[in-house]
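Residues take their numbers from the sequence shown, with the count starting at 1. Counting starts at 1 for both ligands and their atoms, in listed order. Model, not experiment: these values are computed from the prediction.
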Amino acid sequence: MDLNDSPAEAIFRKEACNFLESHSPMVKDLDTSHGDWEPMLEVLTEWQRILFEHGWAAITWPEEYGGRGGGPVEQIIWNQECMRVGVPASINIVGIGMAGPAIIAHGSEVQRERFLSRILCGEEIWCQLFSEPGAGSDLASVRTRARREGDEWVVTGQKVWSSGAHFSKRGILLARTDTTVPKHDGITFFLLDMDTPGVTVRPLRQVTGEAHFNEVFLDEVRIPDCDRVGEPGDGWSVAVTTIMHERMTLGGSLGVFKMDDLMDHARACGPLDRVVRDRIAHVYSLDRCLEFLNARMISKLGAGQIPTAEGSIAKLCASRLFTEAADVALCMSGPAAVVDDGPWQRLFLIAPGIHVGGGTDEVQRNAVAERVLGLPREADESRTLPFDRLYSG
Ligand SMILES: Cc1cc2nc3c(=O)[nH]c(=O)nc-3n(C[C@H](O)[C@H](O)[C@H](O)COP(=O)(O)OP(=O)(O)OC[C@H]3O[C@@H](n4cnc5c(N)ncnc54)[C@H](O)[C@@H]3O)c2cc1C
């Protein structure tokens, strides 16, 4: 593992750093860790426009589509610099990290013309309409149905945990178009205009008091066939493209926590007993592990290799780090922990969600068991049976 940037990476980092230092004061240290971006929509959309104007809106998109033409290493370096400077993630993370790459890889030239530049400049914010009440870890079990009527598809079903759907103009949507084939083969990928009649977005209030997620109800929603990406029934491969890109876009950027902040808090809380000091050292160890895991992924990518289980291990490490950091921070606060409402309380409340979103801890451990330990995949006959034999009714 090489912890140093190559000369080319060092130049890229310097460029990113110079740009962020000079242009980011408007968004610096804006707290979006809770995921409730709505109150900051205006400023974050303006920031997106500035990124677009200066060529920093999409690090890994090809230059011909308005991206920077970088690879995963440049994406991680960009994310690291944003974190260091205190710049939040893009307001259009689904548009840039998922919808755009899907359209570039599987869409038509007309779709690229219509959607890509609006995604980049923040004119159209996108959401992800994948999860359903019965389809999360097992996403291929989606039951939202789409039937073809002439040049349109008529969609009925329910999505859930749709982040930012209440302020999004468009959504990437998975719907089942064929129930007679195994579950992965009967799904189609659509680009949904959220203003279409029949779309109802209902915010879900979380324990933090904010409403970051939504339930989205689709009642006989008509989607023109020109807003389908890929062939009917090929939606799973399009969805896999989006998920791979989402992971890359977020690479190394899960940092909703800075070790220095915990140390400042510890100093402010005065003398600490041995148990607490020991726990802080443990948090520090996790933080360094995460840093080295990210460096290891960069090294692998830089050498042209694809990281396998490193992403899963890094996600497991990050979620454990945030949970333990919040816990020890509140422990240091003493009784004030339950009356104050500050960043540590917020981290404590959002940390459980980090163990779930983007693949739960258990699902990540399954990946480690298969890819690192070489254990056989869990037997699962639902992968081969026709969907209508799995769920009748
Ligand atoms: C912060 C956040 C943001 C999100 N944003 C979006 C979004 O914008 N759009 C969207 O579509 N979805 C979104 N989600 C939903 C997310 O993708 C799902 O919550 C996640 O995939 C888990 O699915 P589930 O909640 O249905 O849980 P389930 O899949 O029902 O899991 C329930 C429990 O069973 C365990 N489990 C499931 N399968 C296995 C297995 N094979 N082996 C062992 N254990 C297993 C899980 O680990 C978990 O503990 C978001 C979630 C979070 C927390």
Minimum-distance pair of heavy atoms, taken over all atoms of L286 and C317
O-SG, 3.6 Å

Carboxylate-amine/guanidinium proximity below 4.0 Å for K258 and D287:
no

Looking at atom 20 (C) of ligand 1, what's its closest protein heavy atom, distance included?
V356 O, 4.0 Å

Classify the angle between the aromatic ring planes of F189 and F130 as parallel (below 30°), tilted (30 to 60°) or perpendicular (above 60°).
perpendicular

When you check the gap from the basic side-chain N to the acidic O, do R147 and E220 get nearer than 4.0 Å?
yes

Any nitrogen or oxygen of T360, side chain or backbone, less than 3.5 Å from one on ligand 1?
yes

So does R13 pair up with E9, basic N to acidic O under 4.0 Å?
no

Of all protein heavy atoms, the one nearest atom 37 (C) of ligand 1 is S137 OG, 3.6 Å

Nearest protein heavy atom to atom 24 (P) of ligand 1, by residue and atom, and its distance?
G136 CA, 4.0 Å

Salt-bridge criterion met for E74 and R68 (N-O under 4.0 Å):
no

Please check if a non-hydrogen protein atom sits closer than 4.0 Å to atom 53 (C) of ligand 1.
yes

Sorted by chain and number, sequence neighbours left out, side-chain contact (heavy atoms from CB on, under 4.5 Å) with D227 holds for R114, F115, R170, L191, I223, P224

At their closest point, which heavy atom of L262 faces which heavy atom of A325, and how far apart are they?
CD1-O, 3.9 Å

Any chance the rings of W56 and F12 have centres within less than 6.0 Å?
yes

Specify whether the nearest protein heavy atom to atom 30 (O) of ligand 1 is under 4.0 angstrom away.
no

State the atoms of ligand 1, each with its element, that fall below the 4.0 Å cut-off from a heavy-atom position in N366.
40 (C), 41 (N), 42 (N), 43 (C)

Can you name the atoms of ligand 1, numbered from 1 with element, that are less than 4.0 Å from a heavy atom of F130?
11 (O)

Nearest non-hydrogen contact to atom 4 (C) of ligand 1 from the set G357, G359, A369, S163 belongs to S163

Would atom 34 (O) of ligand 1 count as contacted, meaning some protein heavy atom under 4.0 Å?
no

Give me the nearest non-hydrogen protein atom to atom 14 (N) of ligand 1 as residue plus atom name, then the distance to 0.1 Å.
W161 CB, 3.5 Å

Looking only at protein heavy atoms, which one is nearest to atom 39 (C) of ligand 1, and how far off is it?
V363 CG2, 4.3 Å

In terms of the angle between their ring planes, are W161 and F213 parallel, tilted or perpendicular, with boundaries placed at 30° and 60°?
perpendicular

For the 3.5 Å polar cut-off, considering only N or O atoms, please tell me whether D138 and ligand 1 meet it.
no

Tell me which protein heavy atom sits closest to atom 16 (C) of ligand 1, plus the residue, atom name and distance to 0.1 Å.
S131 OG, 3.8 Å

Distance below 4.0 Å between atom 10 (C) of ligand 1 and any protein heavy atom?
yes

Ring geometry between H184 and W236 (parallel below 30°, tilted from 30 to 60°, perpendicular above 60°)
perpendicular

Looking only at protein heavy atoms, identify the closest one to atom 2 (C) of ligand 1 and say how far it is in Å.
F213 CE2, 3.4 Å

Atoms in ligand 1 with a heavy atom of E362 nearer than 4.0 Å:
43 (C), 44 (N), 46 (C), 47 (O), 49 (O)

